[in-house]
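What follows is one structure encoded as structure tokens, with my remarks underneath.
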Amino acid sequence: MLLHAQSAPGQWWREAVIYQIYPRSFASSAGPIGDLRGIIGKLDYLKDLGVDAVWISPFYVSPQKDAGYDVADYRRVDPMFGTNDDAVALVRAAHERGLKVIVDMVPNHTSDQHAWFQAALRNPGGPERELYWFREGEEIPNDWGSIFGKAAWTRVCDRSDAPGSPWEHDKQWYLHLFDSSQPDLNWDNPAVRAEFRDILRFWLDRGVDGFRIDVAHGLVKDKALPNWNYEVAMVSGIGDAPRPPHWNQPGVHEIYREWRAVLDEYGPDRALVAEAWVDELTDLANYVRPDEMSQAFNFDFLCTPFDVDSYRAVIADSLAAMDSVGAPTTWVLSNHDVVRAASRMGLPVTGKGPNGIRSTDTQPDVELGFDRALAAHVLQAALPGSCYIYQGEELGLPEHMALDDSVREDPAFFRTEGAEAGRDGCRIPMPWQADAPGYGFSPSGATWLPQPKEYGKLAADAQAADPASPLTLFRTLLAERKRLGMARAELNEPEEGHHLHYISRLAGRDDVHVICTFDEPAELPAGAKILVQSRPFAGVIPPNAAVWYTL
Ligand code: TEU
């Protein structure tokens, strides 16, 4: 059986390499936190890296209780990141370099500082409470848990801002699937729908090429708010558990059909990307039917243990599921919510990994994780479809595993009372210059989180000058991927064995062989002309490595 990706004119995302920028930690033109001008200053670096597009995590006005995923004003850049003019300048500067720009949209919840929620707090009987999920009662409305720990409901009078406020005696509960500072919106309310269509147009009018939709599977809730009776789960159902009343409800799809129509007003080249943690690839495919979103993050791939059978299966299943609806498959190894690949893949158990790693936790095998992460990136860049790279993965950055608890900011750390370290360790400011204070992250060297010492030798400037560095590898990898049209080629189904051997076929060029090894080495055929290799070797391909070659 041949696996293949379909192509369609104008839909640039089908073959794109999309680089995730986490603005707090990418580059700063001023203080200890990254900003939009900092990003503009690094666009040439991204162009040289060879990516096609950037996705920028939220930069809107926010109290930053969840690092910007708690939005107080969807139409304004937070002064910490710059101005709306800077955002327009960034889009323009990216377009001048041929880079597309995807911005983040957070529709499941607002910040509790959003004007709507503030009005709702002030006005217990008012219509603003219908914009969210407020409920009366002595008892908590149901058993739903927050993804960040503890209950998903807070009583208005129990808020830390309640004493002395007009709502200090208000006993209504409100729903928040994340932090109590992130109240869930009620998507059954037409006012919510109208507002977000307008927000999409606001940013489309400023030239953005698309949106990454946060918690895309969460917007619609079962109106009856029934108990769930299962463990807190981010995904749509675990094992035999029934569909949860708060995830992956069928009603979400109507919203994305409406949004598709909004984007189509601007042309066929605007993208919607689903962040949907659903249990089955077949469920995920529903988000990318032709009249809905453009593509969805392939978290199954990210969560797959690093072994040959699991990889073979997830690659085949991902291509088949997305092909069934004509959507491009995506390949994702890291983002701002999971332990960095170079550390995660060195743990005794690979897969999604824990929520952060502390110095007292099981430590990864550093070299093994590094080798596997580069091998996995070399493999994923060979596969048909679109690939995502989280900032710093091109430098082989590890997780910061020795952060002091006193500097942590992730609400998951606080709501689990430290049982989970949380995601700060994958959000460390980028090292740009080996010999500068703060490794060149900001003019003064100040950084909002401390950087580990290993980041010095991994700094971008040191790697750019080193032909054997991960950065040099990524530049070659992305250039070869483009030159050889890997994203639109056809792939064979690889044979069973200790390693994966794909053959990428495209008319007009030689077949490209792609081998990824796991625990065992593999033979490199005599006469193989190597195009890309995840690390230096000659003769036999060592374990945990990947190579592209022609014969
Ligand atoms: O993430 C969805 C989400 O909840 C998971 O990725 C979760 O963070 C992970 O399982 C670790 O607990 C999105 C954003 O990517 C994330 O940064 C936000 O915190 C979250 O939504 C709420 O907006």
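Remember, it's 1-based here, ligands and their atoms both numbered in the order they're listed. One is the number of the first residue; the rest follow in order along the sequence.
Across the listed options K352, H176, E275, K352 owns the non-hydrogen atom lying nearest to atom 10 (O) of ligand 1. For atom 21 (O) of ligand 1, the candidate residues are D337, V106, D214, D66; the nearest heavy-atom contact is made by D214.
Checking R24 against Q64 by side-chain atom types alone, a donor-acceptor pair falls below 3.5 Å.
Applying the 4.0 Å criterion to heavy atoms of W277 picks out, from ligand 1, the atoms 5 (C), 6 (O). Short contacts between ligand 1 and V215, defined as distances under 4.0 Å to a heavy atom of the residue, involve ligand atoms 21 (O). Remark: ligand 1 atoms within the under-4.0 Å shell around heavy atoms of F148 are 19 (O). Counting the atoms of ligand 1 from 1 in the order shown, those under 4.0 Å from a heavy atom of I147 are 4 (O). Close contacts between ligand 1 and H109 involve ligand atoms 22 (C), 23 (O) [criterion: under 4.0 Å to a heavy atom].
Between A216 and Y287, the closest heavy-atom pair is O-CE2, 3.8 Å.
At least one heavy atom of R212 lies less than 4.0 angstrom from ligand 1.
The proximity of E420 to ligand 1, defined as any non-hydrogen pair under 4.0 Å, does not occur for either the backbone or the side chain. In R427, the part holding a heavy atom less than 4.0 Å from any atom of ligand 1 is the side chain.
Geometrically, K223 does not engage W187 in a cation-pi contact defined by less than 6.0 Å to the ring centre and at most 45° from the axis. Figure legend: cation-pi geometry between K42 and W432, with NZ or CZ positioned under 6.0 Å from the six-membered ring centre and within 45° of its axis. The cationic group of R415 does not satisfy the cation-pi geometry with F148, failing either the under 6.0 Å distance to the six-membered ring centre or the 45° limit from the ring axis.
When each of V101, L90, I39 is paired with I21, the side chain to side chain contact (heavy atoms under 4.5 Å, CB included) condition holds for I39 and for no other.
Under the salt bridge (Lys or Arg N to Asp or Glu O under 4.0 Å) criterion, D410 pairs with R423, sequence neighbours left out.
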